Colleague: 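A single structure is presented below for examination.
None of the values given here were measured: they were computed from a predicted structure. Numbering of ligands and ligand atoms starts at 1, following listing order.
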Amino acid sequence: MSKVVVVTGAGGVLCSTLAKALAKQGHKIAVLDLKKEAAAKVAEEISAEGGHAIGVVANVLEKASLEAAKAEVNEKLGACDILVNGAGGNHPLGTTSNPHLLETDLENTTEGFKTFFDLDPKGIEFVFNLNFIGTLLPTQIFAKDMVGKKGCSILNISSMNAFTPLTKIPAYSGAKAAVSNFTQWLAVHFSKVGIRVNALAPGFFLTEQNRTLLTNEDGSLTQRGQQIIDQTPMGRYGVPEDLVSTTLYLCDDASAFVTGVVIPIDGGFSAYSGV
Ligand code: NAD
C-alpha cells in the first residue's frame, strides 16, 4: 500500500538513498532538508525514475518551519504515515583534537588544538540540538497525523557510538545515545496509538561529515580511519545501500510487532572486543 513518507535530512548522503528506496516501494516521499537545492535535486531524481516525491525545505530545529512543511506535505501528498528522522551530524566544535588527554596537551599552543577543557559549550549544544531536538520536534509535528491510523511508524537514525562512545566526539556520542534512549521511550509512549518507533545504528559510512576525520587528502586512510577498519570484523566501511533492507523492513507491516529496537548495521563493529 502506498504511504506518505517524510524523510528529514533526505538531501544528504545516507537519507537520499533511503528516500529513493522507499519511493521504489511505491510510497510518496517528502524529501525534507534545510538545503533547498539538495531537497529539490533528490526529489527530481526520484521523479525521473518514475517515483512520486516533492522537495520540502524545513529546519528540524524550528517548530514554525516544521509546521509549514507539514501543511505543504498534507496539501500535496496527504497525511504522514511514516517519518524517518535522518537529519543529524557532528560539529568540529564538539570534537577534541586527541583521543586521550596527555599531560603535555595542556602546554600545546598549536592553533586549533583542542583538549576536553577547550570544548565550546555552544558546539556541544549545537550537536545535541541537531541530533536530539532535531528528532523530537519533527516527531511532535508529523506523528500527530499518525495517531489512531494503521501501519504508521517512525524510524530514527542513531549511531554505533550510542552503544560505546567513540573517542574525540563526546557531544555526538551523547546525542546519539539520547536518540537511542528516546526511541525506546517513544515506542512505549506511542504503543497504544498504533505508532511503532525504531532506529538504525549505522556503523561507519564514508560521507562528507567524516571524510576529513577518516581520509587524508590523497584518499588514503588516516590513523583513525584504519583503526575503524581494523575494529570492523567485515573489514570495510558501509555503503548507503547497506541501510536499505533494514529500513524497508522497519517501515513495513512485515515488522508489525517490532517496536523500540535499535538495529546496528556496522559490519560487526559493536560485536567485536578487538581481541
Ligand atoms: P549528511 O550530512 O550527508 O546529511 C545530513 C542532511 O541533513 C544534510 O542534507 C543537511 O542539509 C541536513 N540537515 C542538517 N541540519 C538540518 C536541519 N537543521 N534541518 C533540516 N535538515 C538538516 O549526513 P549523513 O552521513 O547522510 O547522515 C545522515 C544521518 O545518519 C545523520 O543523523 C547522521 O548522524 C547519521 N549517521 C551517519 C553515519 C556516517 O557514517 N555517515 C554513521 C552513523 C549515523
Colleague: Looking only at distances, please establish whether an N/O atom of ligand 1 is found under 3.5 Å from an N/O atom of Leu14.
Modeller: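 Leu14 vs ligand 1: N/O contact under 3.5 Å present.
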
Colleague: Pairing donors with acceptors under 3.5 angstrom, does anything connect the side chains of Asn74 and Asp145?
Modeller: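 Note: Asn74 and Asp145 side chains meet the donor-acceptor criterion.
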
Colleague: Any nitrogen or oxygen of Leu130 lying under 3.5 Å from a nitrogen or oxygen in ligand 1? Just yes or no.
Modeller: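 Checking ligand 1 against Leu130, no N or O pair falls under 3.5 Å apart.
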
Colleague: Would Thr207 count as being in polar contact with ligand 1, using the rule that some N or O on each side must be under 3.5 angstrom apart?
Modeller: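 Between Thr207 and ligand 1, an N or O pair is found under 3.5 Å apart.
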
Colleague: Of the protein's non-hydrogen atoms, which lies at the shortest distance from atom 23 (O) of ligand 1, and what is that distance?
Modeller: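 Its nearest protein heavy-atom neighbour is Gln209 NE2, 2.8 Å.
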
Colleague: Tell me which protein heavy atom sits closest to atom 10 (C) of ligand 1, plus the residue, atom name and distance to 0.1 Å.
Modeller: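 It is Asp33 OD1, 3.5 Å.
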
Colleague: For Ile157, counting its heavy atoms only, list the atoms of ligand 1 lying under 4.0 Å from any of them.
Modeller: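 This gives 29 (C), 30 (O), 35 (C) as the contact atoms.
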
Colleague: Taking N or O atoms only and a 3.5 Å limit, does Leu61 qualify as a polar contact for ligand 1?
Modeller: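 No - when backbone and side-chain N and O of Leu61 are compared with those of ligand 1, no distance drops under 3.5 Å.
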
Colleague: Below 3.5 Å, N or O to N or O, backbone or side chain included: is there any such pair between Pro202 and ligand 1?
Modeller: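 No: no nitrogen or oxygen of Pro202 is under 3.5 Å from one in ligand 1.
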
Colleague: Is it true that Thr139 and Asn85 share a donor-acceptor pair across their side chains at a distance under 3.5 Å?
Modeller: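 Indeed, the side chains of Asn85 and Thr139 share at least one donor-acceptor pair under 3.5 Å.
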
Colleague: What atoms in ligand 1 come closer than 4.0 Å to a heavy atom of Asn59?
Modeller: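 In order of numbering, the contacting atoms are 17 (C), 18 (N), 19 (N).
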
Colleague: Will you find, in the side chains of Ser191 and Arg196, an N or O donor that is under 3.5 Å from an N or O acceptor?
Modeller: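 Note: Ser191 and Arg196 side chains miss the donor-acceptor criterion.
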
Colleague: Nearest protein heavy-atom contact for atom 39 (C) of ligand 1: which residue, which atom, what distance?
Modeller: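 Minimum-distance protein heavy atom for atom 39 (C) of ligand 1 reads Phe205 O, 3.6 Å.
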
Colleague: Remaining members of Phe116's ILVMFWY cluster at a side-chain heavy-atom cut-off under 4.5 Å?
Modeller: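 Hydrophobic cluster check, Phe116: joined to Leu101, Leu106, Phe117, Leu119, Ile124, Phe128.
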
Colleague: Could you check atom 44 (C) of ligand 1 against the protein and tell me its nearest heavy-atom contact, residue, atom and distance included?
Modeller: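 Nearest neighbour among protein heavy atoms for atom 44 (C) of ligand 1, to 0.1 Å: Ser158 O, 3.3 Å.
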
Colleague: Would you say Tyr172 touches ligand 1, if touching means a heavy atom closer than 4.0 Å?
Modeller: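 So Tyr172 counts as touching ligand 1.
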
Colleague: For ligand 1 and Gly86, I'd like to know whether there is a polar contact (N/O to N/O, distance under 3.5 Å).
Modeller: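 Among all N and O atoms of Gly86, at least one is under 3.5 Å from an N or O of ligand 1.
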
Colleague: Could you list the residues that satisfy side-chain hydrogen bond (donor to acceptor under 3.5 Å, both in side chains) with Asn108, not counting sequence neighbours?
Modeller: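 Once residues adjacent in sequence are excluded, the partners of Asn108 under the side-chain hydrogen bond (donor to acceptor under 3.5 Å, both in side chains) criterion are Thr110.
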
Colleague: Examine Val13 against ligand 1 and note whether any of their N/O atoms are separated by less than 3.5 Å.
Modeller: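 Among all N and O atoms of Val13, at least one is under 3.5 Å from an N or O of ligand 1.
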
Colleague: Indicate yes or no: does an N/O atom of Ser159 lie under 3.5 Å from an N/O atom of ligand 1?
Modeller: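 N/O-N/O distance below 3.5 Å does not exist for this pair.
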
Colleague: Using a 3.5 Å cut-off on N or O atoms only, is Leu34 in polar contact with ligand 1?
Modeller: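 Yes, since at least one N or O of Leu34 sits under 3.5 Å from an N or O of ligand 1.
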
Colleague: What do you reckon, are the aromatic ring centroids of Phe269 and Phe204 less than 6.0 Å apart?
Modeller: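 Ring centroids of Phe269 and Phe204 are less than 6.0 Å from each other.
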
Colleague: May I ask whether Gly203 has any heavy atom positioned less than 4.0 angstrom from an atom of ligand 1?
Modeller: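 So Gly203 counts as touching ligand 1.
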
